[in-house]
Each structure stands twice: as C-alpha cells, then as structure tokens.
Amino acid sequence: MQDHIMKEKLAALYWDADVPPEELCRLMRGEIDRIGHIDRINLYRRLLMTYDWYTLLALIPRDRLGEALSAPVLEHLHPASLKDRYLYARNILFG
C-alpha cells in the first residue's frame with residue numbers, strides 16, 4: 001500500500017486524538033512501542049473494528065499479522081461475531 005494512503009487510513013482511526021500519521025506508521029512497523037496512551041494492541045483493535053479483511057492485509061505488515069490476531073487484541077473486540085471471525089482467521093492462518 002502506498003505510504004500516503006496508509007497514513008491516511010491510520011489517521012482516520014484516531015480522528016479523536018492528535019496523533020501524527022507518521023508516528024502511527026512507525027508504531028505499526030514496530031519501530032516504537034507506543035505513542036502516548038496508544039500502543040500496538042490498541043492500534044490493532046481499532047484496525048480490526050474499522051477495516052475489511054483485504055484492507056487489513058494491505059495495512060498490517062505480514063510479519064505483524066500474528067500479533068494483530070493475538071489474544072490480547074481479540075479478547076476485547078466486540079461484537080462477539082467480529083471476535084469469532086478473527087479467531088477463525090487466526091486458526092486458519094496459524095493453526
């Protein structure tokens with residue numbers, strides 16, 4: 001995904017906070033652990049609750065997909081049907 005489109009999509013997740021899109025990209029890539037109160041778990045949770053699967057695959061680096069579908073992220077997703085959908089995806093991808 002093009003860098004400016006990624007920044008735009010990540011910034012849209014945090015419309016309610018003054019967070020630089022460049023910092024969100026760095027957080028997503030694992031270069032930093034948090035931006036103020038936002039950590040990667042929070043970022044992944046918002047991503048999963050906002051975007052469709054194909055957009056998620058374009059946004060989340062392949063080496064971070066397992067972390068994005070980890071228990072700390074999924075256990076606080078709602079509605080339950082969304083959580084179940086991503087549990088299923090995790091089981092298919094990571095067995």
Side-chain angles (χ1 to χ4, degrees):
M1 178 172 284
Q2 293 179 343
D3 195 46
H4 73 279
I5 295 172
M6 177 180 268
K7 288 178 185 174
E8 190 176 286
K9 293 206 175 281
L10 292 175
L13 293 173
Y14 290 96
W15 60 269
D16 57 342
D18 186 23
V19 182
E22 298 79 21
E23 292 297 298
L24 290 169
C25 287
R26 290 183 65 218
L27 181 64
M28 174 80 81
R29 290 190 299 260
E31 296 171 9
I32 57 176
D33 291 326
R34 69 176 39 252
I35 307 165
H37 69 284
I38 302 167
D39 61 8
R40 257 190 310 285
I41 300 300
N42 178 274
L43 174 63
Y44 292 142
R45 200 172 291 130
R46 283 201 185 200
L47 280 165
L48 295 179
M49 290 191 304
T50 303
Y51 293 117
D52 64 81
W53 180 245
Y54 296 103
T55 302
L56 293 170
L57 291 177
L59 286 170
I60 300 170
R62 192 166 230 130
D63 63 331
R64 299 264 170 208
L65 194 54
E67 182 182 29
L69 296 174
S70 66
V73 176
L74 299 183
E75 65 191 19
H76 295 289
L77 281 184
H78 38 43
S81 61
L82 185 64
K83 178 181 176 179
D84 291 343
R85 184 179 312 153
Y86 288 119
L87 283 169
Y88 177 76
R90 182 178 74 190
N91 289 336
I92 295 296
L93 292 172
F94 302 106

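Of all the heavy atoms in Leu56 and Leu47, the pair that sits closest is CD2-O, 3.4 Å. Considering every non-hydrogen atom in both Leu74 and Arg90, the closest pair reads CD1-NH1, 3.8 Å. When all heavy atoms are compared, the tightest approach of Leu48 to Tyr86 is O-OH, 3.4 Å. Summarising the geometry of Ala68 relative to Val73, their closest heavy-atom pair is O-CG1, 3.3 Å, with the distance given to 0.1 Å.
You'll find the side chain of Arg64 stays beyond 4.5 Å of the side chain of Arg29, heavy atoms only. Thr55 is not listed as a side-chain neighbour of Thr50, based on a closest heavy-atom distance of 4.5 Å or more. Counting heavy atoms from C-beta on, the side chains of Leu24 and Met28 never come closer than 4.5 Å.
A chain of hydrophobic side-chain contacts below 4.5 Å, direct or via other Ile, Leu, Val, Met, Phe, Trp or Tyr residues, connects Tyr44 to Tyr54. A continuous path of hydrophobic side-chain contacts links Leu93 to Leu77 [ILVMFWY only; heavy atoms under 4.5 Å]. Residues Leu57 and Phe94 are members of one and the same hydrophobic cluster, defined by side-chain heavy-atom contacts under 4.5 angstrom among Ile, Leu, Val, Met, Phe, Trp and Tyr.
Rounding to the nearest 0.5 Å places CD of Glu23 at 9.0 Å from CD of Glu31. A distance of 11.5 Å separates CD of Glu8 from CG of Leu13, quoted to the nearest 0.5 Å. Between the CD atom of Glu75 and the NZ atom of Lys83 there is a distance of 7.0 Å, given to the nearest 0.5 Å.
Formation of a donor-acceptor pair under 3.5 Å by the Arg40 side chain with backbone atoms of Leu27 is found in this model. With hydrogens and angles ignored, the 3.5 Å screen pairs a side-chain donor or acceptor of Arg45 with a backbone N or O of Pro72.
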List the steps and the verdict of side-chain contact (heavy atoms from CB on, under 4.5 Å) for Glu22 and Lys7. CA-CA 7 Å; Glu22 298 79 21; Lys7 288 178 185 174; 3.7 Å; yes
Give the intermediate values and the outcome of side-chain contact (heavy atoms from CB on, under 4.5 Å) for residues Val19 and Leu10. CA-CA 10 Å; Val19 182; Leu10 292 175; over 6 Å; no
Test side-chain contact (heavy atoms from CB on, under 4.5 Å) on Ile35 and Leu43 and set out the steps. CA-CA 10 Å; Ile35 307 165; Leu43 174 63; over 6 Å; no
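Partners of Tyr88 under the side-chain contact (heavy atoms from CB on, under 4.5 Å) rule, at least two apart in sequence or in another chain, are Ile92. For Arg85, the side-chain contact (heavy atoms from CB on, under 4.5 Å) criterion is met by Leu82, not counting sequence neighbours. Take Asp39 and apply the side-chain contact (heavy atoms from CB on, under 4.5 Å) test, not counting sequence neighbours, and it matches Arg34, Ile41, Asn42.
In Asp16, the CG atom is crowded: over 12 heavy atoms of neighbouring residues, nucleotides or ligands sit closer than 6.0 Å.
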